[in-house]
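I am attaching a structure below and will ask some questions about it afterwards.
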Amino acid sequence: MANAQDLYTSGTSPYPWLERVLGSAAEAVGARCAAVAFADNGSHRLSRVASWGPFPVLKGGMAVARWVAAQGKPLALETRQQASQVPGLVLHRGEELPLICVPIESRDGVLGALQANVPSFGDDEDVSHKLHTLELAAHLVGCILENARLEEKLQEKEEDVTRLAKGNIHAQEAERERVCLEVHDGVAQTLVSAFQHLQALEDTPLYQMPEAKQLITRAAALVRQAIQEAREIVNSLTPASLRDLGLVATLRQEVRQFEIDTGCRVELEANWPRLAKDSEVALYRIAHEALTNVRRHANARRMRISLSQEEHRLVVQVKDWGRGFDLKQRDLSATDHGTGLFSMRKRAELLGGTCGIQSALGKGTTIRVDVPIVE
Ligand SMILES: Nc1ncnc2c1ncn2[C@@H]1O[C@H](COP(=O)(O)OP(=O)(O)OP(=O)(O)O)[C@@H](O)[C@H]1O
Ligand SMILES: [Mg+2]
């Protein structure tokens with residue numbers, strides 16, 4: 001038997017809907033009382049999860065419902081004599097008749113049963129009408145549960161994606177740090193000593209030979225260029241100024257270069273203290289991505305970046321008056337159009353905050369990141 005019990009106790013409880021469906025169905029068939037029962041976790045026992053009217057508390061409990069759920073077939077019983085003719089059904093004392101009981105099914109199988117006790121049965125047509133009504137109600141209950149289950153699965157998937165994305169961000173930062181360290185302390189240092197050796201050659205007789213001098217000078221220039229390139233790699237992975245001077249000074253430098261490159265006028269309002277390293281790195285990456293997006297997509301003549309402190313929160317706002325885009329056409333939880341906006345959100349969430357994106361075609365884009373200050 002499929003299991004509905006764990007769903008029933010989950011966050012997305014379908015309970016209020018079940019009660020409404022049960023109540024309406026019970027009224028429609030003129031029932032004295034009615035109940036919905038589901039299979040317990042991993043067992044064939046049924047537990048009542050919703051009831052309507054004075055449904056009796058049965059010690060032996062729900063023999064008919066259990067039988068119906070096990071067989072997956074509806075049952076209408078008027079007398080104990082009829083009940084005794086149903087193979088395998090043992091009625092408990094206190095189980096009132098007449099009753100109608102129908103299975104509740106989902107795609108995964110039978111979840112439980114819906115049972116209603118009525119004052120009396122009329123003719124065959126009356127019984128089949130009541131049966132049909134209760135079957136419809138049971139179908140609806142099955143759909144409600146199915147829906148709740150799908151919602152829960154979707155939520156789990158979203159949580160998985162978020163966990164993966166956050167793990168990815170952590171791994172990316174760790175990898176950047178590792179590469180920075182290796183290039184800075186490894187390749188760059190080796191190049192520096194190679195350069196010193198080449199300089200030392202200038203004091204030897206070899207340097208007096210025109211051909212050797214030319215080769216040494218050329219080699220020294222190449223090594224100097226390689227040192228510069230190694231520094232640029234390190235800087236592009238994590239700007240040295242972020243470590244040394246902090247987020248605001250680093251952004252000022254980037255903004256200056258951005259204005260020269262693009263001709264876009266940037267107002268930068270920043271009044272911030274130094275923050276914890278992780279926060280500075282995350283907020284820098286967010287602001288950097290927003291700036292890169294303006295450079296690549298916005299074609300803006302003007303933009304504003306503000307870093308402000310509002311009570312116990314830090315707010316980064318990047319606004320441009322460029323071409324904007326249609327947010328409805330972007331699924332920001334997916335990464336099939338690029339990862340920039342997606343990872344901005346995840347970085348903000350990692351800091352316990354939010355990242356709101358507003359954009360409209362022809363009206364520009366605003367990114368607003370709001371994170372708590374970590375003491
Ligand atoms: N400031 C902006 N102005 C106009 N369009 C933008 C802006 N920011 C983002 N977009 C639009 O949203 C899309 C998604 O941006 P996102 O940063 O997620 O990806 P990307 O920049 O295309 O690639 P990636 O950042 O992964 O290198 C962009 O391709 C662009 O169409
Ligand atoms: Mg981008």
Side-chain angles (χ1 to χ4, degrees), residues 157-158 160-177 179-180 232-239 242 247 250-270 279-308 314-351 353-371:
K157 286 259 175 321
E158 272 171 18
D160 281 352
V161 171
T162 298
R163 240 192 322 275
L164 267 173
K166 289 178 178 175
N168 199 20
I169 287 171
H170 275 308
Q172 209 179 45
E173 286 305 334
E175 186 62 6
R176 276 184 171 140
E177 255 180 50
V179 175
C180 269
E232 276 164 19
I233 290 173
V234 170
N235 211 43
S236 70
L237 290 170
T238 304
L242 190 60
L247 174 61
T250 306
L251 277 180
R252 277 195 204 290
Q253 282 177 7
E254 285 203 6
V255 160
R256 220 170 294 137
Q257 192 58 45
F258 178 88
E259 285 185 311
I260 294 168
D261 296 346
T262 63
C264 171
R265 188 160 53 84
V266 186
E267 296 156 49
L268 175 63
E269 294 163 24
S279 305
E280 290 223 318
V281 171
L283 292 172
Y284 165 75
R285 301 262 184 246
I286 291 173
H288 179 76
E289 172 58 26
L291 207 58
T292 306
N293 274 353
V294 177
R295 182 192 286 261
R296 285 174 58 193
H297 310 297
N299 194 27
R301 306 308 306 153
R302 184 184 157 211
M303 71 176 290
R304 182 193 302 140
I305 303 176
S306 73
L307 313 180
S308 57
L314 297 167
V315 178
V316 181
Q317 198 154 307
V318 182
K319 181 174 176 62
D320 71 68
W321 283 266
R323 67 162 64 102
F325 64 104
D326 188 356
L327 257 175
K328 275 187 245 121
Q329 295 194 354
R330 294 254 170 273
D331 178 1
L332 297 182
S333 60
T335 55
D336 46 349
H337 297 289
T339 53
L341 297 176
F342 178 78
S343 63
M344 268 189 212
R345 282 222 158 137
K346 294 300 158 203
R347 282 186 192 280
E349 283 173 20
L350 263 176
L351 296 175
T354 55
C355 171
I357 300 162
Q358 280 185 332
S359 193
L361 283 173
K363 298 208 169 121
T365 304
T366 304
I367 310 285
R368 184 188 156 94
V369 174
D370 183 324
V371 297

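All ligand and atom numbering here is 1-based and tracks the order in the structure. Note: hydrogens, waters and symmetry copies are ignored here, and every other heavy atom, side chains too, is used. The chain is numbered in sequence order, starting from 1.
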Would you mind listing which atoms of ligand 1 come within a distance below 4.0 Å of any non-hydrogen atom of Glu289?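 Per the distance check, 17 (O), 25 (O).
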Measure across Val234 and Cys180 and return the closest heavy-atom pair with its distance rounded to 0.1 Å.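 So the two residues come closest at O-SG, 3.7 Å.
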Is there at least one pair of N or O atoms, one from His297 and one from ligand 1, spaced under 3.5 Å apart?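 There is such a contact, yes.
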From CA spacing to verdict: salt bridge (Lys or Arg N to Asp or Glu O under 4.0 Å), Asp160, Lys157: CA-CA 5 Å; Asp160 281 352; Lys157 286 259 175 321; 5.5 Å; no
Going by the closest heavy atom to atom 26 (O) of ligand 1, which one wins out of Asp326, Leu291, Ile367, Thr339?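 Among Asp326, Leu291, Ile367, Thr339, the closest heavy atom to atom 26 (O) of ligand 1 comes from Thr339.
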Any N or O of Phe325 closer than 3.5 Å to N or O of ligand 1: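 It does not: no N or O of Phe325 is found under 3.5 Å from an N or O of ligand 1.
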Hey, does the side chain of Glu259 reach the backbone of Val266 with a donor-acceptor pair shorter than 3.5 angstrom?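 Pair found, side chain donor or acceptor close to backbone of Val266.
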Thr365 side chain to Asp320 main-chain N or O, any donor-acceptor pair under 3.5 Å?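 No, Thr365 side chain to Asp320 backbone: no donor-acceptor pair under 3.5 Å.
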For Gln172, look at atom CD and say whether over 12 heavy atoms of other residues, nucleotides or ligands are found less than 6.0 Å away.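 Enclosed.
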Would Phe342 count as a polar contact of ligand 1, with the cut-off being nitrogen or oxygen pairs under 3.5 Å?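 No: no nitrogen or oxygen of Phe342 is under 3.5 Å from one in ligand 1.
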Might you work through the side-chain contact (heavy atoms from CB on, under 4.5 Å) test for Leu283 and Leu351, ending with a clear yes or no? CA-CA 9 Å; Leu283 292 172; Leu351 296 175; 4.1 Å; yes
Close approach of Met344 to ligand 1, heavy atoms, under 4.0 angstrom: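 Judged by the 4.0 Å heavy-atom criterion, Met344 does not count as contacting ligand 1.
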Mind checking whether Thr365 contacts ligand 1 via backbone (N, CA, C, O), side chain (CB onward), both or neither, at a 4.0 Å heavy-atom cut-off?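 Side chain only.
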Of all the heavy-atom pairs spanning Leu291 and Phe258, show the shortest one and how long it is.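 Heavy-atom minimum between the residues: O-CE1, 3.6 Å.
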No waters, cut-off 2.8 Å: how many protein N, O or S atoms are close to the Mg ion (ligand 2)?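 For the Mg ion (ligand 2), the figure is 2.
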Output a table of donor-acceptor pairs, distance under 3.5 Å, between side-chain atoms of residues 297-307 and any protein atom two or more places apart or on a different chain; print 'none' if there are none.
from, atom 1, to, atom 2, distance (Å)
Arg301, NH2, Gly263, O, 3.2
Arg302, NE, Glu267, OE2, 3.4
Arg304, NE, Glu267, OE1, 3.3

Can you tell me if Ser359 uses its side chain to pair, donor with acceptor, with the backbone of Gly364 under 3.5 Å?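 Answer holds: yes.
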Please determine if Arg285 and Glu173 form a salt bridge, counting it only when a charged side-chain N lies under 4.0 Å from a carboxylate O.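 A salt bridge links Arg285 with Glu173.
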At under 4.0 Å between heavy atoms, is it the side chain or the backbone of Asp320 that contacts ligand 1, or both, or neither?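 Only the side chain of Asp320 comes within reach of ligand 1.
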